[in-house]
4 protein chains.
Amino acid sequence: MPESTGADHDGQGAERRRGAGRPRSQSAHRAVLEAAYAILEEGGIEHFSIDRVGRRSGVARTTIYRWWPSKAALAIESFFNQFEPQVAGPRSGVPDDDFRALVRSLVAALAGPAGRVAASVVAHAQGDKETQRRFRENFSDPLRKQSTEILESGIARGTFRPDLDIARVIDAFVGAVYFRLLIGSTLDRDWADALSTTVLDGCRRAG
Amino acid sequence: MPESTGADHDGQGAERRRGAGRPRSQSAHRAVLEAAYAILEEGGIEHFSIDRVGRRSGVARTTIYRWWPSKAALAIESFFNQFEPQVAGPRSGVPDDDFRALVRSLVAALAGPAGRVAASVVAHAQGDKETQRRFRENFSDPLRKQSTEILESGIARGTFRPDLDIARVIDAFVGAVYFRLLIGSTLDRDWADALSTTVLDGCRRAG
Amino acid sequence: MPESTGADHDGQGAERRRGAGRPRSQSAHRAVLEAAYAILEEGGIEHFSIDRVGRRSGVARTTIYRWWPSKAALAIESFFNQFEPQVAGPRSGVPDDDFRALVRSLVAALAGPAGRVAASVVAHAQGDKETQRRFRENFSDPLRKQSTEILESGIARGTFRPDLDIARVIDAFVGAVYFRLLIGSTLDRDWADALSTTVLDGCRRAG
Amino acid sequence: MPESTGADHDGQGAERRRGAGRPRSQSAHRAVLEAAYAILEEGGIEHFSIDRVGRRSGVARTTIYRWWPSKAALAIESFFNQFEPQVAGPRSGVPDDDFRALVRSLVAALAGPAGRVAASVVAHAQGDKETQRRFRENFSDPLRKQSTEILESGIARGTFRPDLDIARVIDAFVGAVYFRLLIGSTLDRDWADALSTTVLDGCRRAG
DNA sequence: AGATAACCGAGACGGTACGTCATGTCTTTAC
DNA sequence: GTAAAGACATGACGTACCGTCTCGGTTATCT
């Protein structure tokens with residue numbers, strides 16, 4: 001039994017020991033994740049249920065429970081299965097531009113249906129330490145890492161103030177995006193740029 | 001997903017027509033809201049159910065359904081019934097200090113049990129326009145109003161840059177606080193102050 | 001909530017208090033018992049399940065659980081609902097004839113489909129004190145009462161020995177019938193008569 | 001309902017072919033039967049399951065299924081594996097005494113834990129012809145054989161009536177014991193003796 | 001005073017979903 | 001060929017809530 005949320009069911013990690021026993025059905029696994037994501041996208045976590053995923057995917061409920069310990073675990077896994085490889089991209093080397101691009105891509109990623117799903121998922125992670133961890137690892141941390149790189153390179157170049165509190169800057173712009181998503185306000189490019197401008201103003205060398 | 005959340009059923013607003021018929025039981029109404037909030041505080045919206053509220057308050061489930069159209073409606077109503085008159089306070093007149101105090105009081109308000117409830121409630125407002133409206137009116141708007149006053153007075157005094165995008169500044173710090181709450185990170189005074197510093201840095205007159 | 005197995009849900013007992021609340025649906029109640037008995041008759045208790053009863057009767061599973069605490073309780077109730085008014089009949093006054101008639105009617109009652117159901121039900125009552133009580137009250141006790149009357153009248157008339165151990169006689173013939181039923185041997189009139197003869201031989205005045 | 005119960009898989013019968021392939025594990029076989037009986041004794045057939053037997057014996061479920069076609073088959077096999085060599089004993093030659101001793105030993109055998117298991121097993125043999133056959137062969141027939149010998153010797157000696165319907169007498173006392181077992185009443189020596197007395201009264205020469 | 005409203009409580013009803021357990025089948029590796 | 005391991009579809013278990021629906025009683029105001 002997988003320890004908590006995840007189920008690593010990777011395979012890409014080379015030699016998985018492959019002991020005796022009927023091998024896990026990859027198709028069933030995929031079908032579950034796809035059905036789960038589809039349901040999430042259509043009705044949010046509100047209408048998400050293991051029962052429904054089972055019916056839709058054609059996979060027995062018990063099989064689902066074998067691999068995902070709870071409804072939340074499945075929801076978050078199916079979400080990150082789709083969302084993971086989103087916010088990234090080439091760097092220009094100009095800190096301001098790179099930051100702006102990062103904010104834009106984050107906003108773009110969350111503006112679509114995936115945004116509603118993300119909001120739904122995090123929202124329901126209240127008190128579920130495991131889900132929060134997963135969210136941090138798969139969403140927050142990569143985002144923080146990229147932002148940090150950009151901001152640090154800005155400091156190195158002398159564009160940004162040397163005493164910049166990078167962690168707080170990230171808190172500010174990520175929080176702004178996410179809160180707006182939750183609150184149901186529109187997320188578009190103009191807003192993203194305005195936010196970038198405001199945040200970047202605080203990053204520059206003090207006169 | 002329920003959309004009409006509210007139920008105005010107040011009565012304090014003067015002339016409520018007051019036709020024939022048994023008048024609404026104020027005690028039952030109060031008992032429901034109190035029980036609802038208590039449940040919310042103890043177990044979050046996860047363990048919140050009309051059944052439970054009914055049992056705890058001693059009010060029949062049907063009576064609850066008569067006045068609140070859904071679980072979400074009751075949850076949010078019971079929340080704002082307690083939370084409304086929170087973030088406020090006297091002003092010193094020094095923009096930096098006032099801003100810092102505002103952030104501190106917001107963080108303090110959300111750090112306690114009420115914070116978990118707030119997170120819970122907003123979280124579950126996904127897609128429920130009515131709840132989002134209520135949240136904006138009772139929580140966001142007052143906060144924005146106070147923040148705006150402080151920031152504008154700072155601009156007037158020349159402490160803050162004249163071209164400050166006030167709305168974005170507010171987005172940033174409120175979002176930061178709320179996101180941190182959602183994500184389960186600690187909310188304390190130090191963090192509040194660090195955030196204030198970072199935000200205020202962006203507000204000052206450019207060199 | 002009904003204490004254990006039964007649920008008296010009678011109604012014939014005059015005034016049933018009739019407190020507040022939606023009145024119980026007699027039709028649902030009847031549908032459940034009928035469906036339950038039909039399933040019992042078709043496949044024995046082996047294929048009996050609350051799920052199935054629910055589907056067949058068109059009554060929600062939860063409603064069934066409201067009234068019957070377990071599968072066994074429902075099974076036995078539905079059985080006695082049909083079987084109760086069976087073994088009885090007028091007396092001739094001649095003890096031998098009456099006894100013979102009683103055995104015949106018992107055998108006849110258990111030879112049909114009801115017999116298989118009875119066997120099934122008692123069989124599965126292993127360890128279930130409540131079911132055993134019900135079975136004793138609704139099946140064994142009435143049978144014992146009638147047998148006792150017949151045997152006592154035979155003693156009074158001088159046909160049967162005065163020191164007859166009535167309880168053991170009843171144990172013997174009832175057990176014989178039931179065991180034969182369980183073991184899958186044929187139950188017919190000839191066997192019933194042969195059994196009666198053997199038992200009656202032991203009842204007569206000693207030479 | 002399963003019909004083929006047996007599975008001959010013994011092997012002690014001489015030449016078992018012994019072709020290619022991994023030889024059958026005697027230890028696994030024994031472990032299964034022992035675990036099965038232990039479970040039967042502890043919780044009756046109610047708590048008996050292939051799953052549990054597998055876990056307890058450390059034998060794979062699939063292996064069990066290879067050798068026993070169903071839960072009932074395994075239950076009855078494990079039961080008779082223990083119970084078979086029970087009711088027997090030396091004869092005194094005095095028919096009354098021998099009969100009394102037989103009844104006592106039958107009651108004693110069924111009064112202990114084995115009795116509950118026996119009841120459980122037969123009970124669940126409803127409709128399973130194969131199990132009924134096994135039960136008859138291993139339990140009823142030996143008992144009938146011994147009883148018949150005793151009763152016939154009694155007839156030969158002139159103690160018992162010559163027209164005694166032996167089969168019915170056996171039906172009566174065996175049935176009485178078994179029914180009492182099923183019904184959950186106490187089985188003890190006094191009751192056994194009272195039953196013997198009553199039955200023997202019917203066996204004596206008519207005055 | 002009596003009718004008429006609107007309310008409250010109790011409780012039953014058909015449902016959906018939960019998470020667990022057992023069934024019997026199938027598929028793979030290891031002896 | 002047999003054993004062990006384990007995945008699978010199926011289906012039942014008993015529980016918690018959902019939202020709806022009757023009922024019997026209880027206050028009020030409006031004739």
Side-chain angles (χ1 to χ4, degrees), chain A residues 1 17-25 27-29 47-55 58-67 69-71, chain B residues 2 18-25 27-29 47-55 58-67 69-71, chain C residues 1 17-25 27-29 47-55 58-71, chain D residues 2 17-25 27-29 47-55 58-67 69-71:
Chain A
M1 207 169 295
R17 258 301 277 110
R18 200 65 190 80
R22 174 172 176 174
R24 173 147 179 206
S25 161
S27 67
H29 187 233
H47 297 86
F48 182 88
S49 79
I50 300 272
D51 259 41
R52 210 193 272 268
V53 173
R55 279 197 303 269
V59 172
R61 248 189 20 263
T62 37
T63 299
I64 301 178
Y65 278 113
R66 208 192 321 280
W67 301 113
S70 71
K71 151 182 178 151
Chain B
R18 197 68 184 78
R22 174 175 180 172
R24 171 149 181 207
S25 160
S27 68
H29 188 232
H47 300 90
F48 183 88
S49 79
I50 300 273
D51 255 43
R52 216 193 269 271
V53 173
R55 280 197 301 270
V59 172
R61 254 190 16 263
T62 24
T63 300
I64 301 178
Y65 277 112
R66 204 186 328 271
W67 301 111
S70 73
K71 157 178 171 154
Chain C
M1 207 169 295
R17 258 301 278 111
R18 198 61 192 81
R22 175 171 174 173
R24 175 152 180 201
S25 160
S27 67
H29 187 233
H47 297 85
F48 182 89
S49 81
I50 300 270
D51 261 39
R52 209 194 272 270
V53 174
R55 281 197 301 270
V59 171
R61 228 148 40 83
T62 38
T63 299
I64 301 179
Y65 277 113
R66 209 191 322 278
W67 300 112
W68 292 276
S70 72
K71 148 182 179 152
Chain D
R17 265 293 280 105
R18 198 68 187 77
R22 174 172 177 173
R24 170 141 182 217
S25 161
S27 67
H29 189 232
H47 300 91
F48 183 89
S49 80
I50 301 273
D51 253 44
R52 214 194 271 270
V53 173
R55 280 197 302 270
V59 172
R61 231 148 37 86
T62 23
T63 302
I64 300 178
Y65 277 113
R66 203 193 318 280
W67 300 112
S70 73
K71 156 180 173 152

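Scope of the values below: all heavy atoms of this structure, side chains included, with no hydrogens, waters or symmetry mates. The structure displayed is predicted, hence computed values, not measured ones. Convention: sequence-line order gives letters A, B, ...; per-chain numbering from 1.
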Checklist entry - B:R61 near the nucleic acid: base, sugar-phosphate alone, or nothing, with a heavy-atom cut-off under 4.0 Å? => result base
Heavy-atom donor-acceptor pair, B:R61 side chain to B:I50 backbone, under 3.5 Å: no
When rounded to whole Å, the CH2 to P distance for the pair C:W67 and F:dG14 reads 18 Å
Nearest heavy-atom approach of A:F48 to A:K71 is O-NZ, 3.1 Å
B:R22 has its side chain closest, among F:dT26, F:dC18, E:dG9, to F:dT26
To the nearest angstrom, the CZ-C1' distance between A:R66 and F:dG6 comes to 8 Å
Inset, instruction - Classify the side chain of D:T62 versus the base of F:dA3 as yes if they form a donor-acceptor pair under 3.5 Å and no if they do not. - result: no
Atom CD1 of D:I50 and atom C1' of E:dC21 are separated, to the nearest Å, by 14 Å
Separation of F:dT10 atom C1' from C:R52 atom CZ, nearest Å, is 13 Å
In whole angstroms, the gap separating C1' of F:dT22 from CZ of C:R24 amounts to 16 Å
To the nearest angstrom, the CG-P distance between B:D51 and F:dT15 comes to 15 Å
B:R66 meets the salt bridge (Lys or Arg N to Asp or Glu O under 4.0 Å) criterion, sequence neighbours left out, with none
Here the pair of heavy atoms bringing C:H47 nearest to C:R52 is O-NE, 2.9 Å
Considering only heavy side-chain atoms of C:S49, the closest of E:dC8, E:dT23, F:dC13 is F:dC13
Closest to the 5' end of DNA chain F, once D:V59 and A:A60 are matched to their nearest nucleotides, is D:V59
Separation of F:dC13 atom P from C:K71 atom NZ, nearest Å, is 5 Å
Those residues at least two apart in sequence (or on a different chain) that pass side chain to side chain donor-acceptor pair (under 3.5 Å) with C:S25 are C:S27
Between OH of D:Y65 and C1' of F:dC8 the distance, given in whole Å, is 13 Å
Side-chain atoms of C:T63 come closest, of E:dT23, E:dG14, F:dA5, to E:dG14
